Amino acid sequence: MKSSGFGGAGIALVGALVIGGGSYLGGIAIDHWLSPYSRQAKATAPLAVKEDLVPEIATGFLDKKEVTAKDYMMVAAHPAAAQIGAEILAKGGSALDAALAAQVALNLVEPQSSGIGGGAFMLYWDNEKQTLYTYDGRETAPMAVDRRLFFNADGSSRTFMEAVVGGASIGVPGVLRMFQLARQENGGRPLQELFQPTIDLARKGFPISPRLHKLLSDEKYMSPGMAVHDYFFAADGKPKKTGTVLKNEAFADTLQIIARDGIDAFYTGDIARDIVKAVNTAPGNPGNMTLDDLAAYKAKRRENLCAVYRIKLVCGMPPPSSGGLTVLQILGVLENTDIANQEPMSPPAIQTFAEAMRLAHADRDQYIGDSDFVDVPVRGMINRGYLAARSIEMDNGFNTKVKMAPGVPPSDNAAMLSPDDAIELPSTSHLVAVDKHGNVVSMTSSIENGFGSRQMVRGFLLNNQLTDFARHAVKDGLPIQNRIEPGKRPRSSMAPTMVFDENGELAMALGSPGGSRIIGYVAKTVMGVLDWDMSLQDAISMPHFIDRNSGLDLEADTDIAKLKDVMAARGYKVKVRGLNSGLHGVQVDDGTIHSGVDPRREGYAIGEGNLLPDVDAAFDLVMSKEEPEAVQ
């Protein structure tokens, strides 16, 4: 796969150094950028625990075998979606084509996580043009939205799930508009060709997988009479059993309309009217979306966000996602450490990574929101001198760890803000596609909570992304960047990522679901490959250790859980818990594409050597829960 040099979008190595702030700065600058109250905060601040829930429960661990290919690769969160995308690639379709085909398939077979009723962020590498495109398909708040989303009529606060279920939490979906923009700029095959496999599958039906059944068994917010309940639950009120054939004629009809009339048909006409009706008539928690909100939605091409780590160029998603910035901050702090020489997953290495995470999450909560509405100090936050200064604040000793305070990155107003109080629990999916021409898509999509707002219209679920906004607009007299505003995009943690080597060749593309833990999952995987010389598959399979500035999480049922007491002795408040990522990606080495698939979910990788005979064979894999031998 050729990919030499950078051009077009301006992500040259020199450009990245400018974005990242260039050389290290010291002396007075370091003193200036250290948090002015960091020592006091270390002495007095309590450990706050928030976002303690997980978007989707863990459903088991299945060893994944690396797949290699020379021609193309599709990695997705369900074998059926991977097969549908790979079939497009095998016919000469582009990575964009495969990604769109796989996304609508995921909407059908992994409905709890993503779909056309939600949003997405996407990085697209055009190998011929040597250009990186960064696309924002994040949902927007309706123009009539207000903070009553989080509060009852008497002023009392709603619980998180009270805000989630219903219409008030639903943002204007963006994923289809995002693909429309990408296809306008880069071309694409007819929608009918891309949608037909999922249309056929929706009409024929597919077996409920063990994972989907387990998630439905844990579901508490679908009630009889709701369209979503009638779809997933049997007449006795229990979730339909594993293996039950689930048909979705309504979704097939929706896709058929969009394929025939174009993506605009989703945002105007009968589909749009049904979306608005579902939002505004949701029992108990109606919203206030209008047809104008849908018709006015625009996806955006954002400025690329890239910085150098070691000698590699790492590119991620800029605001309104916090994913790219915070991943780059973690890596930028780690660059000032010797983590590359520390034993992987040893207590010192875990502590080094945890300290970098804690510093980055302190800045994330303080500064990141929708950059169309608020001033985000993007360049200052990844300035190499600033991150070198922040690394001095790492607590590598055995002191009791307290909440890190944000630093003051170079900016005109960085200190005039208050930390966010949003709770982010996205149920999300990540896919990666590589086509025969070396073009690559890395895309993370979401409907937020598992099964979103629980509002189903025309066979697809609507998101609850508005609960990603901060509950309050002001705290301690200072504005919160992620406050809710009409037309604004809520902050996200989705972190589709690409890594380029020193010669400008694509080395990795990856991402993950997992709420705000996405950031740690992705940063740890990149670090594992670049610092610990792991394969992408080994780095993804590596047990998780995550600290979002609220306590250290160690992954349950892994060897790393045995370090709970050791890490507690180093001053951390430690929890052993399921950390259900869904990391998917590819690693490219000398023209060979290597897969990376998370063993914690149903994900699968397909290249030209292991293309399945048909989609039915994909469901055989899910139902058997056994991995076939890898194809080299």
Side-chain angles (χ1 to χ4, degrees), residues 46-64 326-327 330-331 333-334 337 339-340 342-362 364 394-404 423-425 493 495 510 512-529 531-532 534 537-583 596 598-601:
L47 267 172
V49 178
K50 74 175 186 177
E51 302 184 24
D52 216 27
L53 302 172
V54 292
E56 294 184 23
I57 60 171
T59 53
F61 190 98
L62 180 63
D63 186 40
K64 301 290 181 178
T326 313
V327 166
I330 293 169
L331 297 175
V333 171
L334 289 176
T337 73
I339 195 167
Q342 294 174 338
E343 182 68 24
M345 295 175 283
S346 66
I350 293 171
Q351 183 161 1
T352 300
F353 186 78
E355 289 302 298
M357 276 201 72
R358 295 197 319 124
L359 288 166
H361 272 266
R364 167 192 180 266
M394 298 174 75
D395 185 349
N396 294 313
F398 287 70
N399 309 298
T400 298
K401 303 299 186 285
V402 296
K403 193 175 182 70
M404 286 285 193
I423 297 177
E424 185 184 342
L425 298 174
S493 291
L510 72 155
S512 180
S516 59
R517 293 184 177 91
I518 289 172
I519 293 162
Y521 295 152
V522 171
K524 184 173 67 67
T525 302
V526 172
M527 181 271 296
V529 173
D531 285 330
W532 291 344
M534 292 180 168
Q537 184 60 62
D538 286 345
I540 287 173
S541 299
M542 173 174 46
H544 289 315
F545 41 96
I546 302 292
D547 193 323
R548 298 165 298 157
N549 202 23
S550 59
L552 179 63
D553 291 339
L554 301 178
E555 187 172 10
D557 302 319
T558 68
D559 287 343
I560 211 165
K562 300 173 185 176
L563 297 177
K564 178 180 180 181
D565 292 341
V566 173
M567 297 311 299
R570 288 174 175 259
Y572 291 94
K573 183 178 180 181
V574 183
K575 286 189 177 181
V576 173
R577 62 191 311 155
L579 294 173
N580 186 33
S581 58
L583 285 152
D598 204 314
R600 301 163 183 87
R601 296 202 182 193

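Just so it is clear, the structure is predicted and the values come from calculations on it, not from any experiment.
- Salt bridge R517/D553: present, at least one basic N to carboxylate O contact under 4.0 Å.
- With sequence neighbours left out, H361 forms a ring pair (Phe, Tyr, Trp, His ring centres under 6.0 Å) with no residue at all.
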Show, in sequence, the C-alpha distance, side-chain angles and deciding distance for D557 and E555, and conclude whether the side-chain contact (heavy atoms from CB on, under 4.5 Å) test is met.
CA-CA 7 Å; D557 302 319; E555 187 172 10; over 6 Å; no
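- Taking CD from Q342 and CD1 from I339, the interatomic distance works out to 5.5 Å, rounded to the nearest 0.5 Å.
- Note: K524 NZ to W532 CH2 = 8.0 Å, rounded to the nearest 0.5 Å.
- Between G578 and A556, the closest heavy-atom pair is N-CB, 3.9 Å.
- Counting only heavy atoms from C-beta outward, the side chains of L563 and P347 approach each other to under 4.5 Å.
- For the pair P348/N396, no side-chain contact is recorded, criterion being any heavy-atom separation below 4.5 Å from C-beta on.
- Residues T337 and M394 form a side-chain contact, since some pair of their non-hydrogen atoms from C-beta on lies under 4.5 Å apart.
- R364 places a side-chain heavy atom less than 4.5 Å from the side chain of I519.
- Not a single donor-acceptor pair under 3.5 Å links the side chain of R600 to the backbone N or O of L583.
- Taking each heavy atom of V574 and A568 in turn, the nearest pair found is CG2-N, 3.7 Å.
- In this structure, N549 contributes its side chain and M404 its backbone to a donor-acceptor pair below 3.5 Å.
- Using a 4.5 Å heavy-atom cutoff, the side chains of L579 and Y521 are in contact.
- Counting non-hydrogen atoms of other residues, nucleotides and ligands closer than 6.0 Å to CG of N399 gives a total above 12.
- Residue G582 comes nearest to P513 through the heavy atom pair O-CD, 3.1 Å, listed as atom of the first residue, atom of the second, then distance.
- For the pair K64/D598, no side-chain contact is recorded, criterion being any heavy-atom separation below 4.5 Å from C-beta on.
- Remark: the backbone N or O of S346 is not paired with any side-chain donor or acceptor of Q351 at under 3.5 angstrom.
- Taking CE of M542 as the start and OG1 of T558 as the end, the distance is 11.0 Å to the nearest 0.5 Å.
- For the pair V526 and I330, the minimum side-chain heavy-atom distance is 4.5 Å or more.
- Across every non-hydrogen atom of A354 and Y572, the tightest pair is CB-OH, 4.0 Å.
- Panel note: side chain T400, backbone G571; no donor-acceptor pair is recorded below 3.5 Å.
- Rounding to the nearest 0.5 Å gives a distance of 11.0 Å between OG1 of T326 and CD1 of I518.
- In terms of modelled atom types and a separation under 3.5 Å, the side chain of K401 and the main chain of R570 share a donor-acceptor contact.
- Of all heavy-atom pairs between M345 and P543, the closest is SD-CD, 3.4 Å.
- Note that CD1 of I350 is 13.0 Å distant from CE of M357, once rounded to the nearest 0.5 Å.
- A 4.5 Å side-chain heavy-atom check between F545 and M567 finds every atom pair outside the cut-off.
- Note that the OG atom of S550 and the NZ atom of K573 stand 9.0 Å from one another [nearest 0.5 Å].
- Using modelled atom types, one finds a donor on one side chain and an acceptor on the other under 3.5 Å when comparing R548 with S516.
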